[in-house]
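Here is the naming used below: chain letters follow the sequence lines, and residue numbers restart at 1 for every chain. Keep in mind it's a predicted model, so treat the numbers as computed, not measured.
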There are 2 protein chains.
Amino acid sequence: MSNQWVGDNLSDVKVKNRSLVLRLLKKKGLLSRIDLARITGLTQPTITNIVNDLLSVNLLKEVGFSDTRAGRKPILLSMNDQAFYIVAIHFTRRGFSIALTDLGPNILFRRDSHYSLLENIDLALLELQKEFIHVLEYATQSLSLILGIGVSVPGPVDAESCTILAHPTFLRYRNLDLRKYLFEYDLPIFMMNDAHAACLHETWSGQAREAENMVYFMVGEGVGTGVLVEGKIYEGVNRKGGEIGHTSINIFGPRCVCGNYGCLEMYCSTYNVVEKAREIAWFGGNGYLRAVLEKEGKLEFHHLLEGARNGDSTSLQLLQQLGQYIGIGVVHLINLYDPEMVVIGGQAALAQEFLENSVKQVVEERLLYREYVTPQIHYSKWGDEVTLLGAATIVLDHFIAGDLGRF
Amino acid sequence: MSNQWVGDNLSDVKVKNRSLVLRLLKKKGLLSRIDLARITGLTQPTITNIVNDLLSVNLLKEVGFSDTRAGRKPILLSMNDQAFYIVAIHFTRRGFSIALTDLGPNILFRRDSHYSLLENIDLALLELQKEFIHVLEYATQSLSLILGIGVSVPGPVDAESCTILAHPTFLRYRNLDLRKYLFEYDLPIFMMNDAHAACLHETWSGQAREAENMVYFMVGEGVGTGVLVEGKIYEGVNRKGGEIGHTSINIFGPRCVCGNYGCLEMYCSTYNVVEKAREIAWFGGNGYLRAVLEKEGKLEFHHLLEGARNGDSTSLQLLQQLGQYIGIGVVHLINLYDPEMVVIGGQAALAQEFLENSVKQVVEERLLYREYVTPQIHYSKWGDEVTLLGAATIVLDHFIAGDLGRF
DNA sequence: GGTAAAGTAAAATAAAATTACTTAAAGGAA
DNA sequence: TTCCTTTAAGTAATTTTATTTTACTTTACC
């Protein structure tokens with residue numbers, strides 16, 4: 001949290017304008033100097049100066065010309081994604097991934113591990129340290145070009161102390177300080193809850209590129225949200241906001257592990273539909289799901305997807321019901337945050353074709369201000385990689401904001 | 001919504017720094033030049049310049065000296081609340097108020113009307129126009145010092161077109177353009193939902209002065225919230241956010257007028273407790289409430305308060321139950337927004353002594369991240385005037401931000 | 001060659017920072 | 001009490017720096 005009482009000076013203006021130009025080029029792609037001048041309201045000479053500076057540090061490149069009716073053709077500029085590198089780390093409930101990315105972010109090199117092979121979190125983190133070294137070795141030619149380490153975690157973090165406060169897979173552990181394992185080269189570490197990180201990635205590289213105010217609704221085994229307010233992720237004072245999964249939608253319902261009753265997450269998660277599917281498979285006779293369970297010895301979310309694709313009505317119904325609960329979540333999010341758009345992500349987004357109608361219907365019937373506007377509802381096109389890319393995007397976001405002092 | 005793609009220049013810096021100094025002096029009260037320099041990180045000469053400029057337009061005043069151990073005594077500065085005036089208008093469910101205020105904001109002159117005297121909204125607005133002229137006549141010596149008109153409404157507004165989109169008392173009416181009635185002197189008009197306006201006032205002049213991130217939970221006949229994010233009210237893209245009153249806390253409950261089921265507002269409002277009280281009074285035998293109902297011919301929220309003060313256990317129980325529902329709302333707000341503090345306002349705040357324990361207990365039991373931090377819960381000390389003062393504060397906020405081009 | 005548009009060089013402008021100074025008060029010594 | 005030293009606030013003049021203004025060059029279509 002930057003201090004709100006600090007005044008501006010001229011170099012702040014410089015950094016902000018450079019940041020603005022970079023942000024524009026990253027978000028909108030190819031633009032000429034004159035485009036930049038027109039969009040920003042800055043004068044052409046100023047833009048020329050800024051562009052020259054950024055070209056000289058290799059952050060921009062000139063890539064051909066634009067077609068115009070008459071006059072000199074504008075030189076198109078684009079951000080040079082290869083100018084710097086980022087280390088991205090993503091913890092899931094089952095393992096972690098670590099990668100080297102460029103500013104795309106595109107993954108250049110990646111290593112994955114699974115906790116199942118490991119006895120406890122200490123071993124997992126030692127493993128992480130090893131893989132981190134591998135990544136650094138891969139990048140050995142360009143270590144000074146690594147901007148920092150971005151980490152996304154499915155749980156609460158303390159970004160200031162680089163600490164994972166709690167992790168759903170290692171419930172007994174508290175306050176894991178990552179600096180102990182990632183101290184090489186003194187790279188800055190940025191951490192975020194994975195839903196927030198995925199949201200950030202969706203706004204830089206996904207369907208929400210145009211949005212300055214949006215809500216990302218991640219529905220997987222758990223539920224999480226990321227909220228973008230005026231182009232910035234709103235995490236809350238202690239970075240523990242956006243927990244719509246633990247608001248009651250049924251105060252007379254069963255108690256949730258969090259202490260609250262009938263939390264949204266208890267109804268609206270892939271964990272919940274899969275549990276229901278298992279129940280039906282066991283007790284519900286001879287359907288498709290029973291067959292899967294008997295053949296595979298287990299039942300997972302992708303089986304429901306396959307079932308729905310093969311016309312199994314139980315699978316379809318379960319996904320539609322999930323859609324209704326997602327719809328309720330979406331209604332709440334819109335009533336609360338009034339965003340430009342909602343992006344639904346996580347495993348549930350893979351089932352878009354089966355649940356989008358249910359979502360839409362619930363929203364159309366229950367949204368408070370539906371007579372004025374209903375925000376668009378998009379489904380993330382990013383698969384599992386979104387949280388790893390999100391981790392990289394945390395660093396990208398700081399870089400482009402000028403926080404890393406690189407321009 | 002200001003355009004996020006516009007670049008900064010030097011005069012922006014000037015306005016921002018002047019704005020910062022004014023904001024500091026308004027929020028923190030008395031400060032010396034050296035204090036300002038230290039807090040803002042600006043140099044002493046820069047602060048001197050800014051202060052001189054603001055003194056010369058009469059926006060600041062020097063008010064005595066500060067006590068220090070040694071050396072020259074710092075001259076204490078303070079904002080001059082009498083430098084400009086504001087017209088504040090507040091619509092309630094039952095009438096409207098219009099006032100002239102200074103920058104305190106303190107009410108200098110006030111007129112009130114009740115819809116009950118009027119047949120429809122057109123007549124009410126003609127009445128408003130008349131009262132507006134009265135206010136202008138009162139301010140006739142200093143018309144050029146009026147910064148603008150702030151309007152707070154218990155319902156959705158379109159601030160850009162100065163339109164009340166809907167009003168709970170005039171349900172048939174839509175899209176009331178206030179410019180038709182307030183065109184004299186071409187004063188700028190700023191509108192907001194009343195909960196947001198009250199929140200703003202609480203952050204400028206109430207218990208949330210120190211907070212940059214807070215949630216104001218207004219519980220009256222309806223429920224509304226105002227959310228402050230990094231010192232700015234977050235209203236959402238269409239200024240229709242913060243509607244926690246219309247999130248379901250019981251999706252299997254009865255349908256709400258909004259289309260949703262079991263909305264928080266159906267449980268957590270003074271309207272709801274009073275209804276319950278009426279039911280008990282009618283059907284529940286011979287208690288205190290029955291006596292009130294028979295004697296007064298009606299039963300209102302203040303009767304419950306009086307009942308509780310006089311030791312009536314039914315009144316007390318009802319208020320405690322309201323406290324539990326408020327607690328649920330507070331849990332949701334904290335889980336969602338992770339604020340520094342929650343301020344509870346509206347009629348319910350008057351019952352603080354009877355419901356605060358219930359609120360606290362629910363929060364302590366159900367909050368997701370209670371093991372890390374629990375934000376403080378405050379109760380508004382402002383009475384009914386908060387929304388009228390809030391209306392003035394909308395203009396004050398724009399003024400201090402430098403939006404009105406007055407410095 | 002005329003014209004339209006992109007892009008740049010040099011001077012002007014405006015804001016804050018730096019430097020060196022003045023003003024003011026507290027506290028101790030004569 | 002008076003004078004002197006120390007501490008700190010506040011300011012004037014100058015410098016620095018980022019943008020703007022103005023005038024110019026470059027480029028390409030017609």
Which nucleotide sits closest to the side chain of B:Leu42: C:dA17, C:dA15, D:dA18?
C:dA17
Look at the side chain of A:Arg33 and decide which nucleotide, out of D:dT21, C:dG7, D:dT17, has an atom nearest to it.
C:dG7
Between atom CG in B:Asp8 and atom P in C:dA14, what is the gap in whole Å?
18 Å
Atom-pair distance (CD on A:Gln44; C1' on D:dT21), nearest Å:
12 Å
Residue A:Pro45, side-chain atoms from C-beta onward, closest of C:dA15, C:dA25, C:dT8
C:dT8
Could you work out which one of D:dT19, C:dG7, D:dA28 sits closest to the side chain of A:Thr48?
C:dG7
Cationic N near anionic O, under 4.0 Å, A:Lys26 to A:Asp81:
yes
State, yes or no, whether a side-chain contact exists between A:Leu22 and A:Phe407 at a heavy-atom distance under 4.5 Å.
yes
Looking across every strand, which nucleic acid part, if any, lies under 4.0 Å from A:Ile34 by heavy atom: base, sugar-phosphate, or nothing?
sugar-phosphate
Nearest-Å distance for atom pair CG/C1', residues A:Asp35 and C:dA5
12 Å
Have B:Ser56 and B:Asp53 got a donor and an acceptor in their side chains that come within less than 3.5 Å?
no
Is there a donor-acceptor contact under 3.5 Å linking the side chains of A:Asp338 and B:Asn238?
yes
Could you tell me whether B:Ile75 contacts a base, only the sugar-phosphate backbone, or nothing, with contacts defined as non-hydrogen atoms closer than 4.0 Å?
sugar-phosphate
Regarding the side chain of B:Val13, the nearest nucleotide among C:dA15, C:dA6, C:dA17 is C:dA15
With sequence neighbours excluded, tell me which residues meet salt bridge (charged side-chain N to carboxylate O under 4.0 Å, His left out) with B:Asp102.
none
Assert: residue with more 5' nearest nucleotide on DNA chain C, out of A:Pro74 and A:Leu10, is A:Pro74
OP1 or OP2 of D:dT19 sitting under 4.0 Å from any side-chain N/O of A:Thr46?
no
Within the 4.0 Å heavy-atom criterion, would you say B:Asn49 contacts the bases, only the backbone, or no part of the nucleic acid?
nothing
Rounded to the nearest Å, what distance is computed from the CG atom of residue A:Asp53 to the P atom of nucleotide D:dA18?
9 Å
Under 4.0 Å from OP1 or OP2 of D:dA8: is there any side-chain N or O of B:Arg38 that close?
no
For C:dA5, does either OP1 or OP2 sit under 4.0 Å from a side-chain N or O belonging to A:Lys73?
no
Let me know the distance between NZ of B:Lys14 and C1' of D:dT20, rounded to the nearest Å.
16 Å
Rounding to a whole Å, what distance do you find between A:Asn9:CG and D:dT16:C1'?
12 Å
Which whole-number value in Å describes the distance from B:Phe65 CZ to C:dA24 P?
9 Å
Which whole-number value in Å describes the distance from A:Ile47 CD1 to D:dA18 P?
15 Å
